[in-house]
Enquirer: 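Sending over a structure as structure tokens; questions will come in a sec.
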Amino acid sequence: MSKKPPIILRTREEVQNWREQLRQQSARVGFVPTMGALHQGHCHLLSRARSENDVVVLSIFVNPAQFGQGEDFSAYPRTFQEDLELAQENGVDAVFYPTASEIYPSGFSTRVGVGPELSLCLEGAARPGHFDGVCLVVSILLNLVDPDRLYLGQKDYQQCVVLRSVIRDLGMRAHCEIVPTVRDFDGLALSSRNRYLSEGSRLSARILPRAMNCTAQRYLAGERRVSQLLEAFESCFAQESSKNNLVEIEYLVALELWGLKPIDSDHSDAMVIAAVMRVNTERQGSPKVIRLLDNLILQSQEPWIQAIRDLKDRIDFVSMREDESRVQAIRNREGEGL
Ligand code: AMP
């Protein structure tokens, strides 16, 4: 590794002093907030930030305020040493790694939140209070880091909409950059929670990107009727899920682009298809349900059209390989028969 190790900032004061020095140098600052357990999705955000700014700050903070009761706060993966290595590889200059009491010191009583139309639907309905926690922590972090650009992943589409709204309404300076979803080789969106999936349920999880891809193919072929695009997802999902009972769709919606309102006409050139799939898996011997999020931005513009093509390539690649192994299995059987 040739890049310098990032400096580690533990307190609010250290961040503010460090930021003050940068201000005197007129450095442009890019900021990537995360909960750690970094993967290539996070790295993509970091490398975008690296290419567009003089200085890159990463924060790693598993924010208790955005986890509900019975959620995985204490079990959330914490991999600080590996995260530091990835941070260094991706040219991060500073890592803000605070304790919970540094972010929420005794006497803390401030609340930040968006209205119910943004915070109570979709993920907000499934995870009450989640977006209050997100808005609060990101507001604190943005005040401390004061970045020129904030990098967010498209994978958490509702989070992007909510935070864009906070930044605009509170007159914050940061410009929001939304980075297309980074996917695994088979199309599944990368997520820190994918590591909770058992081998079998990880295979079952492929249904979600495949169904998304059915919609994407129809869009690429010129279909603009919302009902047909949703139907393509549903029939692909129904066909695939008939082979196993580990997965079910929690919600599937077509939303106005960069908002959370469902599209109310049957024809649209631009929209977001958002879905959550529940996967039944097993962790440490007990049954567990993992919610996997995905969305597609259907719009004939870069980088979104490229992201749709990329998804298709991944799905095609895997089915080609699987075909090959099926062919190989048949050959082996024929060999045995000879
Ligand atoms: P998290 O650590 O899960 O809170 O995520 C930190 C940031 O990384 C958020 O802006 C996420 O949307 C983004 N992110 C997570 N997974 C991906 C992915 N597969 N592709 C792009 N961005 C992602």
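Counting convention: from 1, in listed order, for ligands and their atoms alike. When reading the values below, keep in mind they use all heavy atoms of this one structure, side chains included, and skip hydrogens, waters and symmetry mates.
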Enquirer: Taking only heavy atoms of Thr181 into account, list the atoms of ligand 1 that are under 4.0 Å away from them.
Expert: 20 (N), 21 (C)
Enquirer: Examine Phe80 together with Tyr97 and report whether their ring centres are nearer than 6.0 Å.
Expert: yes
Enquirer: Of all the heavy atoms in His42, does at least one lie under 4.0 Å from an atom in ligand 1?
Expert: yes
Enquirer: Checking the N or O distance criterion of under 3.5 Å, is ligand 1 in contact with Leu45?
Expert: no
Enquirer: Rounded to the nearest 0.5 Å, what's the gap from CG on Asn17 to CZ on Arg12? Could you check?
Expert: 14.0 Å
Enquirer: Cation-pi between Arg314 and Phe185: NZ/CZ under 6.0 Å from ring centre and within 45° of the ring axis?
Expert: no
Enquirer: Would Arg78 and Phe73 count as a cation-pi pair here, with the cationic atom under 6.0 angstrom from the ring centre and within 45° of the axis?
Expert: yes
Enquirer: Identify the protein heavy atom lying closest to atom 20 (N) of ligand 1, giving its residue, its atom name and the separation to 0.1 Å.
Expert: Val182 N, 2.8 Å
Enquirer: Determine, considering heavy atoms only, which of Lys155, Gln154, His44, Arg193 sits nearest to atom 15 (C) of ligand 1.
Expert: Lys155
Enquirer: Determine, considering heavy atoms only, which of Leu150, Asp156, Val134, Val137 sits nearest to atom 11 (C) of ligand 1.
Expert: Asp156
Enquirer: Nearest 0.5 Å, please: how far is NE2 in His42 from CG in Asp83?
Expert: 8.5 Å
Enquirer: To the nearest 0.5 Å, what is the distance between CD1 on Ile178 and CD1 on Ile297?
Expert: 8.0 Å
Enquirer: With a cut-off of 3.5 Å and sequence neighbours excluded, list every side-chain donor-acceptor pair involving residues 267-274.
Expert:
| from | atom 1 | to | atom 2 | distance (Å) |
| --- | --- | --- | --- | --- |
| Ser268 | OG | Ala270 | N | 3.4 |
| Ser268 | OG | Ala270 | O | 2.8 |

Enquirer: Gly153 versus ligand 1: do any nitrogen or oxygen atoms come within less than 3.5 Å of each other?
Expert: yes
Enquirer: So, taking the atom named CD in Gln154 and the one named CD in Gln159, what distance separates them when rounded to the nearest 0.5 Å?
Expert: 13.0 Å
Enquirer: Could you list which atoms of ligand 1 come closer than 4.0 Å to a heavy atom of Leu152?
Expert: 10 (O)
Enquirer: Can you sort out which atoms of ligand 1 are near Thr34, meaning under 4.0 Å from one of its heavy atoms?
Expert: 2 (O), 6 (C)
Enquirer: Does Leu190 reach ligand 1 with a nitrogen or oxygen that is under 3.5 Å from one of the ligand's nitrogen or oxygen atoms?
Expert: yes
Enquirer: Going by an N to O cut-off under 4.0 Å, is there a salt bridge joining Asp266 and Arg224?
Expert: no
Enquirer: Under 4.0 Å from a heavy atom of Pro33: give me the atoms of ligand 1 that qualify, with their elements.
Expert: 6 (C), 7 (C)
Enquirer: For His39, which part has a heavy atom under 4.0 Å from ligand 1: side chain, backbone, both, or neither?
Expert: side chain
Enquirer: Ligand 1 and Val179, any nitrogen or oxygen pair closer than 3.5 angstrom?
Expert: no
